[in-house]
Structure formats: structure tokens, C-alpha cells
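Notes to accompany the following structure.
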Number of protein chains: 2
Amino acid sequence: MRQSRSTKRRSECPISFGLDIFGDQWTLLILRDILFYNRVNFKDFAPREHIATNILSERLKKLESMGFITKCRNDKLQNQYIYSPTSKSKDLLPVLLEIMLWGFQYDPDSPVSKVFLERMGRERMTVLREITQAVESGRFAVYRQEEMGISDL
Amino acid sequence: MRQSRSTKRRSECPISFGLDIFGDQWTLLILRDILFYNRVNFKDFAPREHIATNILSERLKKLESMGFITKCRNDKLQNQYIYSPTSKSKDLLPVLLEIMLWGFQYDPDSPVSKVFLERMGRERMTVLREITQAVESGRFAVYRQEEMGISDL
DNA sequence: CCGGATCCGTTTCGATACTG
DNA sequence: CAGTATCGAAACGGATCCGG
């Protein structure tokens, strides 16, 4: 694969351990798909991003070998596999949420409504908690639309 | 440069706006150096990581063009330049902190003391606030050593 | 159809050497 | 000190093929 360099990097600590995941876009997109949108199948990962199948399969293997996801066969549809997040990746949610909030704040054409953006500034913690609950209960898509004011999927 | 693809990616929202930074290791390491360690000179960025000078200079340009850092000449030492974070990158601190905490939790040989790790689990918010203050007051190196129990630099 | 693997041209990386 | 130029090596990514 790559990044055997990451062992050297340990010395400087703060974010070094996360570089393997946060150093790669596709990995992040896959984790987003899994955590936010509850996507589980090969074909559903980052579907609009036109990720090449070879790249996707490589990343999935990497994520599996690093303990971020597990893979098992779908009982109903024997020719499908289901990828699920482990606690190691579920615990990345706070990170992804912070990235999301930061993005909403600095994206010149942020997709969220002004109302939500304002609330985000005022009651950050509450908003953070709300989203966390929405995500964990699988209702993020709804929250996104109703609370954030994002219409387009 | 690259990533003109990022415009397409907007539709899926959650972390898409952050991918330009979080998709690249070196960019993250530079931001870490700037935000946590108050490094300002070309030669000081990610010094132990052996980042190639061409890569470093490219990333610094990119970060500057994206509004994450500003560059100005050092008055005292005319042949040196000083890179400073903008509010756009300062506001990334919560993200980096979350990455750090996550890393401490899952790194098999986490550099932090057991005492700190335990405290991190119990009083997450407090710890988070502490570190934020330490970083923002330029005392992170001290905090790291005294509170986290990381001896080696 | 789904989940990949293989091939292969193109892009990017990154170590070193070199310049102002 | 702060970069640029060069160039071989690695990664990317589009297309195609393959097994279940």
C-alpha cells in the first residue's frame, strides 16, 4: 500500500495517528457515506463522485484492515456485501461533525439556511448534540432537510 | 493545481468543503505545525517528517491562495518569511482537537499518560476546553508535557 | 446486475541537486 | 534561508473484463 512513513511521524503527536484516514479524500468520503448516510454496499459509496471501482475496492480493504469497517455477506441477496462501521470509526463522528460545521461557516455557497447558520453560531453545543443524535438514530437525512434547510439531495 | 472535481462533490455536503484540506496529509501537518506549535518559517514546517521542499512550497502556496495562511517578510531577518494562520484556519482547531483525542483513544501506543486518557473519557468537555486555551495562549507544548504526560518532543 | 480485478496512459509525488 | 528544476517512482482513474 503506502504510508509506512506514518511510523516516523508519531513523534510530533497531535494529529499524527489520524493521518492515514484524514490524509486521503476517498477514505473520508467512504466514512461519510457509512456514518452519515448509512450506505452499506459497494455500489453506493460516493456514487456521485465517480470513484473508480479499483480505487474504491482498495480503500475498502485498507479500511477493513485498519479496523474501521467490517464486511459480511448479505443473507437476502447473496451477491451483495454489507460494510458496517466499527466503534473505531463511529467514534470519528465528532471529527466529521466539526469538519461539517467548519465547512458550513466558510463555504462561500454554504448549502445550509441562514437560520441554521445563525443558530450554529449561537448554540453550537446544542446543535452539535442534535446532529449527533440525528445521525446515530439514522435520521440525518431528515434533519438535514428540515433543520438545516438543505433541499437538494 | 488539482481538485476541480470538488465542485461536483458539493451536493453530498457533510464534509465536502473540507476535502481540499483534509484530503492531504502535508497540508494537515503544516496546519498542525502552525496552530499547535506556532511554527512560522519554511524550514520549521514538519521538520521531522522530511517533507520535500518542493512539496512544502507547493502546499504553502495552496494554503495561502485558499486563505488559510498569510505570508510576510520578517523585519528583523530579511531573508526569512513568516507564515501566519488566518481565522479560517484558526477555526479548524476544534477539528484538529477532535482528531487528536480520537487518536489518543485508538493509537495502540498512544503517547499520553493513562491518567490523562482516563480523564479524557470522564470529562471530555473540560479537557477540550483546557487544551483549546493552552493552544490559543501558546502554551500547548507545556500542557502536552505536564498534563498529558508526553515527555519526548 | 453486483463486487470486484486487470490493464494502462496520465498525473502527482518526493528525493536530490541546484539557485537567489 | 527559501525556495525552483529535474526526473524516476508511485498513485490515480477510466475502461474493460470476469466470476457469482
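Computed from a prediction, not measured in an experiment: that's the story for all the values here. Excluded from the calculations below are hydrogen atoms, water molecules and symmetry mates; all remaining heavy atoms, backbone and side chain alike, are included.
At whole-Å resolution of the value, CZ in F45(A) and C1' in dG3(C) are 12 Å apart. The separation between N74(A) atom CG and dG3(C) atom C1' is 13 Å, rounded to whole Å.
Residue pairs meeting the salt bridge (charged side-chain N to carboxylate O under 4.0 Å, His left out) criterion with at least one member in residues 86-97 of chain B, sequence neighbours excluded, do not occur. Sorted by first and then second residue, the pairs that involve residues 110-129 of chain B and meet salt bridge (charged side-chain N to carboxylate O under 4.0 Å, His left out), not counting sequence neighbours, are E98(B)-R124(B), R119(B)-E123(B), R119(B)-E130(B). Identified under the ring pair (Phe, Tyr, Trp, His ring centres under 6.0 Å) test for residues 103-130 of chain B, with sequence neighbours left out: W102(B)-Y106(B).
In this structure, D44(B) does not pair ionically with R39(B), as no charged nitrogen and carboxylate oxygen lie closer than 4.0 Å.
Under the 4.5 angstrom side-chain criterion for Ile, Leu, Val, Met, Phe, Trp and Tyr, the cluster partners of I82(A) are V40(A). Other members of the hydrophobic cluster containing M125(A), listed by chain and number, are M125(B); membership follows side-chain contacts under 4.5 Å among ILVMFWY residues, whether direct or relayed.
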Below 3.5 Å, can you tabulate the donor-acceptor pairs from side chains in residues 67-79 of chain A to any protein atom, sequence neighbours excluded?
| residue | atom | partner | partner atom | Å |
| --- | --- | --- | --- | --- |
| R73(A) | NE | Q78(A) | O | 3.1 |
| R73(A) | NH2 | Y81(A) | OH | 2.8 |
| N74(A) | OD1 | K76(A) | N | 3.0 |

Quick one, give me the B/S/- string for nucleotides 4-10 of chain C, reading 5' to 3', where B means a protein heavy atom under 4.0 Å from the base and S means that only happens at the primed atoms, P, OP1 or OP2.
-> BBBB---
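Listed by chain and residue number, nothing satisfies the side chain to side chain donor-acceptor pair (under 3.5 Å) test with Q145(A) (two or more places apart in sequence, or in another chain).
Using a 4.0 Å heavy-atom criterion, one finds that N79(A) contacts the bases of the nucleic acid, with or without backbone contacts as well.
In this structure, the helix from dC1(C)-dG20(D) to dG20(C)-dC1(D) shows an angle of 30° between the axis at its start and the axis at its end, each fitted on 5 base pairs and rounded to 10°.
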